[in-house]
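This chain uses plain numbering: 1 for the first residue, then up along the sequence.
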Amino acid sequence: MIDIAVRELTKEYEIGQPVLDGLSFQVDTGERVGILGRNGAGKTTLLRILTGQETADSGTVSIAPGKRLGLISQIPVYPAGYRVEDVLRTAFDELKAMEAQLHALSDQLAQGDKALLERYDRIQTAFETGGGYEIETRMEKVCAGLGLERGFREKQFADLSGGEKTRVNLARLILMDTEILLLDEPTNHLDLNATVWLEDYISHYKGTVLIISHDRYFLDKTIARVVELKDGKAEFYSGNYSFYAVEKERRYLEQLRRYQKEQAELQRLSDTVRMMHEHNTEHLHKRAFSIEKRMARLNQTARPTQERRMKARFGEAEFHADDLLSLTELEKSFGEQKLFDHVTLRLEDGDRVALLGDNGTGKSTLLKIILGEEPQDAGKVKQGLTVKVGYLPQQIHFSHPERSLYDTMLYEANCTPQQARDRLGRFLFQGEDVFKPVSVLSGGEQSRLRLCMLMDEQVNLLILDEPTNHLDLDAREWIEGAVEDYGGTLLFVSHDRYFIDRFATRVWTLENGQVSDFKGDYTAYQAMRERMKTIAPPPKREEKVKKEKPKRSGGTKQLKKELAAAEKRMEKLDQLLSALSQEKEAASSDYQKLQELLEQEGAYTQEYDQLMETWEELSTAIQAEEV
């Protein structure tokens with residue numbers, strides 16, 4: 001069954017520049033489809049047409065009759081005074097109406113009216129099928145998954161930021177259990193834990209899903225087909241994002257091979273035709289005309305094109321800083337909310353550190369304290385004298401948004417007119433676009449402009465706060481290439497797991513007011529976190545256990561069980577480390593393999609050290625219990 005059918009859709013905002021130009025595709029029931037394309041390709045326009053927010057210039061859109069459709073970027077207007085909790089509960093309006101009908105009918109059933117009884121049964125069945133008896137369970141499950149804590153749910157919805165409203169609206173649509181879900185950049189305002197939860201939700205979702213996203217991990221986990229919008233039309237790929245990326249390149253190379261082969265044959269035939277005409281005989285003229293017809297038929301393959309890519313790299317200082325950055329006993333609170341305390345860390349030259357943590361834990365605040373933009377409550381931040389910092393903030397602001405891009409480069413980046421033109425051109429700002437005011441730029445374009453201003457600075461410490469936010473897939477791949485070429489020290493906050501996995505050689509995790517330091521890449525970090533989940537944390541104990549304290553019933557037995565589990569895992573780690581030593585010897589001439597083994601050894605060693613601490617705590621607790 002077809003849930004969505006799009007036929008010959010056209011839409012243009014400027015005459016002669018169509019955004020959609022004969023777009024056609026269909027989505028079957030239960031499909032999970034990614035809508036991809038560069039910024040400005042018409043992805044969001046398509047979703048707005050599907051939901052009726054905009055009308056197409058021509059063409060048709062058909063939605064399966066009776067199917068409920070939800071779009072997270074379409075946030076309804078709610079009455080004044082509505083809390084987040086009130087907004088979330090609007091998802092259950094139909095069920096609440098059924099519940100009210102059931103209560104009203106129950107008072108009349110004593111009359112023995114058969115028609116009333118049948119109506120009551122129908123409504124009760126619909127109420128039960130729709131999850132009416134599971135409202136509170138569903139509410140808590142979804143809110144926990146998306147990080148909507150009870151305190152947050154008491155806030156006024158009107159006071160929330162745009163990102164917070166989007167997250168609440170996503171939760172509301174999930175609670176409504178719509179049959180067709182349209183997701184427009186759903187992970188932009190989610191932390192890693194909430195993103196993983198949403199991936200799992202979509203994998204078990206029984207309805208149809210259309211997703212616009214630049215999160216490549218998310219796309220790999222959630223979609224099975226790609227519709228790419230290009231030049232207003234659709235190109236189709238059967239697979240997830242990784243398949244799409246490989247297949248797109250294969251198609252380009254195949255078309256290029258065909259084009260080059262045709263052009264070579266056309267050149268050969270053209271030379272033959274020229275010589276035949278030069279002989280100036282009737283017979284050869286006829287043969288030449290026949291070949292020219294063949295040439296017209298042969299010239300079928302268009303020259304393939306690739307999108308223009310940005311060409312720039314981060315500037316680097318010619319010197320490295322010896323005493324780069326150290327944080328000592330750092331503390332920060334806002335009112336009664338303590339973000340973190342006793343944070344002591346040291347950043348070494350050449351480190352590539354990912355700062356991770358849930359939304360609201362204080363990651364951006366910690367970066368601002370390091371940069372001197374936010375004062376700490378206690379502790380010290382020390383930077384070396386030779387440190388030169390380059391910073392890309394999460395929220396892009398310009399001092400004079402009324403200025404054009406060109407003037408912004410002249411006055412704020414201290415460029416000459418030619419330098420301004422050249423640098424803007426490398427970031428795909430060309431022609432009349434450079435004279436547009438900064439205020440009309442999209443989020444992605446503002447990020448590109450800020451990067452353009454940052455790129456030529458000579459820095460040895462690069463700090464990036466969500467650098468891939470608002471960037472399309474091509475721009476994300478470009479900034480990854482620029483970071484790859486950068487040889488200085490890197491500290492970044494990101495929810496883009498492709499970016500984290502590619503660059504982090506060290507992970508700082510901010511949670512529960514503390515920062516843990518893991519020396520290893522993101523894959524090893526994830527493996528360590530998963531392993532730690534299998535080991536029960538030791539119960540909290542008082543610093544001093546009094547002898548007269550009564551023994552707990554079954555306490556020692558549980559502690560010994562945990563101790564045995566720790567010992568078993570430590571024994572296993574001994575075996576793994578021993579095997580790694582042999583593999584390292586065998587891979588002594590394979591640098592890449594040796595690096596992988598060394599990183600794995602580091603992860604195992606760190607886990608072993610943590611288990612040893614746990615073992616000592618448990619042993620002490622058991623002795624105290626047995627006294």
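Using a distance-only test at 3.5 Å, with no hydrogens or angles considered, no donor-acceptor pair links the side chain of Asp351 to the main chain of Val353. With Asp220 contributing its side chain and Ser242 its backbone, the two residues share a donor-acceptor pair below 3.5 Å. For the pair Lys43 (side chain) and Gly37 (backbone), a donor-acceptor distance under 3.5 Å is present. Panel note: side chain Gln383, backbone Ile370; a donor-acceptor pair is recorded below 3.5 Å.
Counting only heavy atoms from C-beta outward, the side chains of Leu36 and Ile212 never approach each other to under 4.5 Å. Side chains of Lys155 and Arg83 form no contact here, defined as non-hydrogen atoms less than 4.5 Å apart.
Note that the CG atom of Leu451 and the CZ atom of Arg426 stand 12.5 Å from one another [nearest 0.5 Å].
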- Task: Go through Ile369 and Leu330 one step at a time and tell me if the side chain to side chain contact (heavy atoms under 4.5 Å, CB included) criterion holds.
- Result: CA-CA 9 Å; Ile369 290 174; Leu330 217 58; 4.0 Å; yes
| task | Assess whether side chain to side chain contact (heavy atoms under 4.5 Å, CB included) is satisfied between Val483 and Leu490, documenting all intermediate values. | result | CA-CA 9 Å; Val483 171; Leu490 176 67; 3.7 Å; yes
| request: Carefully, step by step, assess Glu511 and Arg529 under the rule salt bridge (Lys or Arg N to Asp or Glu O under 4.0 Å). | output: CA-CA 13 Å; Glu511 55 188 354; Arg529 298 276 286 195; 2.9 Å; yes
request  = Would you sort out whether Ile211 and Val33 count as a side chain to side chain contact (heavy atoms under 4.5 Å, CB included), showing the intermediate values?
outcome  = CA-CA 6 Å; Ile211 301 172; Val33 178; over 6 Å; no
Pair Arg38, Leu229 - check side chain to side chain contact (heavy atoms under 4.5 Å, CB included), show working.
CA-CA 8 Å; Arg38 297 192 65 144; Leu229 303 191; over 6 Å; no
Exercise. Where do Glu348 and Arg506 land on the salt bridge (Lys or Arg N to Asp or Glu O under 4.0 Å) test, with the steps shown first?
Worked result: CA-CA 11 Å; Glu348 303 289 348; Arg506 188 174 172 188; 5.8 Å; no
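Ile463 pairs with exactly one of Thr489, Leu392, Leu371 by the side-chain contact (heavy atoms from CB on, under 4.5 Å) rule, that one being Leu371. With Arg32 as the fixed residue, the side-chain contact (heavy atoms from CB on, under 4.5 Å) test singles out one of Asn240, Ile202, Leu181: Ile202. Of the residues listed (Tyr391, Tyr486, Trp508, Phe499), the one engaging Phe492 in a ring-ring contact (aromatic ring centres under 6.0 Å, His included) is Phe499, and it is the only one. For the side-chain contact (heavy atoms from CB on, under 4.5 Å) with Thr468, the lone residue among Asp215, Asp496, Leu473 that qualifies is Asp496.
Applying the 6.0 Å contact sphere to NZ of Lys141 captures no more than 12 heavy atoms from other residues, nucleotides or ligands. The neighbour count for Glu149 CD, taken as heavy atoms of other residues, nucleotides or ligands under 6.0 Å away, does not exceed 12. More than 12 heavy-atom neighbours from other residues, nucleotides or ligands sit within 6.0 angstrom of NZ on Lys338. Within a 6.0 Å sphere centred on CZ of Phe435, other residues, nucleotides and ligands contribute more than 12 heavy atoms.
A side-chain donor from one of Thr44 and Asp184 sits under 3.5 Å from a side-chain acceptor of the other. Between the side chains of Tyr205 and Asp200, no donor-acceptor pair is found at a separation under 3.5 Å. With hydrogens and angles left out, the side-chain atoms of Glu466 and His495 include a donor and acceptor closer than 3.5 Å. Between Asp341 and Gln514, the side chains place a donor N or O and an acceptor N or O closer than 3.5 Å (distance only, hydrogens not considered).
The two residues Thr361 and Leu510 have their closest heavy-atom pair at O-CD2, 3.3 Å. Minimum interatomic distance between Ile396 and Phe398 (heavy atoms only, all atoms of both residues): CG2-CE1, 3.4 Å. The shortest non-hydrogen separation linking Glu185 to Ser213 is OE1-CA, 3.6 Å. Nearest heavy atoms, Val387 versus Leu324: CG2-O, 3.4 Å. Contact between Lys436 and Leu405 at its shortest, heavy atoms only, is O-CD1, 3.0 Å. When all heavy atoms are compared, the tightest approach of Ala413 to Arg423 is O-NH1, 4.3 Å.
Ionic pairing of Arg403 and Glu412 is present here: one or more N-O contacts between side-chain nitrogen and carboxylate oxygen are shorter than 4.0 angstrom. A salt bridge is defined here as a Lys NZ or Arg NE, NH1 or NH2 lying under 4.0 Å from an Asp or Glu carboxylate O, and Glu164 with Arg167 fails to meet this definition. By the 4.0 Å N-to-carboxylate-O rule, Arg153 lies close enough to Glu140 to be salt-bridged with it. Residues Glu329 and Lys382 are not paired through a salt bridge, judged by the lack of any N-O separation under 4.0 Å between the basic side chain and the carboxylate. One finds no salt bridge joining Glu85 and Arg150 here, because no Lys/Arg side-chain nitrogen approaches an Asp/Glu carboxylate oxygen to under 4.0 Å.
Cation-pi check for Arg352 over Phe503 is not met; the charged atom does not lie both under 6.0 angstrom from the ring centroid and within 45 degrees of its normal. Lys221 forms no cation-pi arrangement with Phe218, by the criterion of a distance under 6.0 Å to the ring centre and an angle within 45° of the ring axis. In this structure, Arg448 satisfies the cation-pi test against Phe429, with its NZ or CZ atom closer than 6.0 Å to the six-membered ring centre and inside 45 degrees of the ring normal.
Remark: Lys248 pairs with Glu228 by the salt bridge (charged side-chain N to carboxylate O under 4.0 Å, His left out) rule, at least two apart or across chains.
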Name the atoms and distances for all side-chain donor-acceptor pairs under 3.5 Å in residues 521-528, with sequence neighbours left out.
from   : atom 1 : to     : atom 2 : distance (Å)
Asp521 : OD1    : Thr523 : N      : 3.3
Asp521 : OD1    : Ala524 : N      : 2.8
Tyr522 : OH     : Gln526 : NE2    : 3.4
Thr523 : OG1    : Asp501 : OD1    : 3.0
Tyr525 : OH     : Thr509 : OG1    : 2.8

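By the 30° and 60° cut-offs, the orientation of the rings of Tyr241 relative to Tyr244 is tilted.
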